Protein chains: 2
Amino acid sequence: MTSISPIIKPEPLHVQAYKYIQNYLLESEFSPGERLTELGLADMLGVSRGPVREAVRLLIHDGLLVQKGVHIYVFDPTFDDVIDIYLCKEGLEPLAAKLAAQNMTQSDQGTLLDIINRTNKALAHDEKRDIVKFNTEFHDLIIQSSGNTQLIQFMNLIHAKNLYMRNNILSNYARRDNFFEEHVRIADAIVNGDGVQAESEMKQHIQNDINMIGTIFKSKQKDDSI
Amino acid sequence: MTSISPIIKPEPLHVQAYKYIQNYLLESEFSPGERLTELGLADMLGVSRGPVREAVRLLIHDGLLVQKGVHIYVFDPTFDDVIDIYLCKEGLEPLAAKLAAQNMTQSDQGTLLDIINRTNKALAHDEKRDIVKFNTEFHDLIIQSSGNTQLIQFMNLIHAKNLYMRNNILSNYARRDNFFEEHVRIADAIVNGDGVQAESEMKQHIQNDINMIGTIFKSKQKDDSI
DNA sequence: AATTTTTACATTGTTGACAAAATACTGATA
DNA sequence: TATCAGTATTTTGTCAACAATGTAAAAATT
């Protein structure tokens, strides 16, 4: 029997704490390199140290927080870290695209094309926020459609770090102009069920990202920090 | 100043608990699907529930334990899970091989060739335990030599699951005959600094693994469980 | 003034207690 | 026998207290 009960059970505090702190990090509420304390976070969320502690441990495991000695700091990625992440993306996302081409439902294919259309409109109106949002949705849908649970799990980790870097490091830089055409080609290949094509288009797409980051790096090389 | 102090500080209990429980899982001390309780593990390790709880949370995050409702069970992978893992390996390990070819030190290259030699001897004497051990060392060294910290982190997760599955599922099946020749080709490419070659050899190597698993799957398809 | 030593403080590490929830058990009722 | 209600038990969720550790500040010594 399927429940239609209106009663919703609140998630355990440690789960909520994890989500909240992760969100704070992704939304740049904390600065890279900033030091955090369990008590500070606990007071902030209005709970005891226990649940916060579990959340912090997980975030350290994810790499969003870093433990130096006994203290905990917000991950402050170097450009090498950014490149490392993108190389992992280059390894995994083409696989996701290939699997998505094989497994994506009709309904999700419609959603994919819809995202493409909305991206197009957002570009026409130069609505930056939407452009970024639809970009994320595009990649997420492909990953989810891969049907590979392990891959989805790994990409979640990459995704969190990636988003974090986008918000904290790469935010000031304009997106590549031709990313939209690449998205169109990827989507076409997926809708046509051409796994090989989808895989190589996605690979090229991410390599272009990496090249862009490389040019950012060169233009910033004078500075010590990012 | 480098410390030569004989005083060793014990690791925090939650770190030890994590390592111990992970090790139990990898060494098949627990059966797949078995239910674990925090209190049971705590008694087993002689500590309170706190540290165990943190360790369990991490292991759930890693996917080695699974939470169904409130209860915690040992991961009981299906064949689909195994394939999913190996597809991720196919995405990441060729990248590791490519980077290793670019970055591996002279000293590590020597170690790599040494592993090859010892594998050869182990094969000649049919010492299965050593064969498996050297195989693991071979892949680990390449991953470590990639110099990509993110990649290493992800491969640690894959590796734990992979080892777990090897011990629990694939243990009864003979290893492919020609894996040694493939290792030799990979090692040659790395020592020659040929990243492209190393990448494609590694990809082929893992695809062969996947094919083998596929044949195992077919021959076992009658059974419900693994 | 510089360096060590001491002291105080802040923060993490760990535990045991209690509350809440889910599960398993028992017996009553149809 | 099957089903339900109520009870007991197990297990997780959360907290607050205390211990241990490391860090920073202050005092003392050279």
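Chain A is the first sequence line, chain B the second, and so forth, proteins listed ahead of strands; every chain is numbered from 1. These figures come from a predicted structure and were not determined experimentally.
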Residues passing the side chain to side chain donor-acceptor pair (under 3.5 Å) test with A/Asp81, sequence neighbours excluded, are A/Thr78
A/Tyr18 atom OH is separated from D/dT14 atom P, nearest whole Å, by 17 Å
Sequence neighbours excluded, the answer for side chain to side chain donor-acceptor pair (under 3.5 Å) partners of B/Gln207 is B/Glu90
Contacts of A/Thr105 meeting side chain to side chain donor-acceptor pair (under 3.5 Å) (sequence neighbours excluded), chain-then-number -> A/Asp108
Applying ring pair (Phe, Tyr, Trp, His ring centres under 6.0 Å) to A/Tyr24 and not counting sequence neighbours gives A/Phe30
From the candidates D/dT14, C/dG13, C/dT11, the one with an atom nearest any side-chain atom of A/Pro12 is D/dT14
Residue pairs passing the side-chain hydrogen bond (donor to acceptor under 3.5 Å, both in side chains) test with at least one member in residues 37-48 of chain A, sequence neighbours excluded, are A/Glu38-A/Arg49, A/Glu38-A/Arg53
On a heavy-atom basis, the closest approach of A/Gly33 and A/Asp76 is N-CB, 3.8 Å
By nearest-heavy-atom nucleotide on DNA chain C, the more 5' of B/Gly69 and A/His71 is A/His71
Per-helix bend value, the helix from C/dA1-D/dT30 to C/dA30-D/dT1, C1' rotation axes over five pairs per end, 10° rounding, shows 10°
#### Entry: Derivation and outcome, side-chain contact (heavy atoms from CB on, under 4.5 Å), residues B/Lys98 and B/Met202
CA-CA 9 Å; B/Lys98 184 172 78 174; B/Met202 181 63 90; over 6 Å; no
Sequence neighbours excluded, the answer for side chain to side chain contact (heavy atoms under 4.5 Å, CB included) partners of B/Ala17 is B/Leu45, B/Ala55
From CD1 of B/Ile72 across to P of C/dT23 the rounded distance in Å is 13 Å
Atom CD of A/Glu11 and atom C1' of C/dA21 are separated, to the nearest Å, by 16 Å
Of B/Thr37 and A/Arg35, the one whose nearest nucleotide on DNA chain D sits closer to the 5' end is B/Thr37
Here the distance between atom C1' of D/dA16 and atom CG of A/Asp43, to the nearest Å, is 14 Å
Rounded to whole Å, CD of B/Glu38 lies from C1' of C/dA17 at a distance of 15 Å
Between CG of B/Leu45 and C1' of C/dT14 the distance, given in whole Å, is 14 Å
Taken in chain and number order and not counting sequence neighbours, the residues that satisfy side chain to side chain donor-acceptor pair (under 3.5 Å) with B/Lys133 are none
Rounded to whole Å, the CG-P distance (B/Leu39 to D/dT9) equals 16 Å
Ordered by number, residues from residues 48-66 of chain B within less than 4.0 Å of DNA chain D (heavy atoms) are B/Arg49, B/Arg53, B/Arg57
Rounded to whole Å, the NE2-C1' distance (B/His14 to D/dA20) equals 14 Å
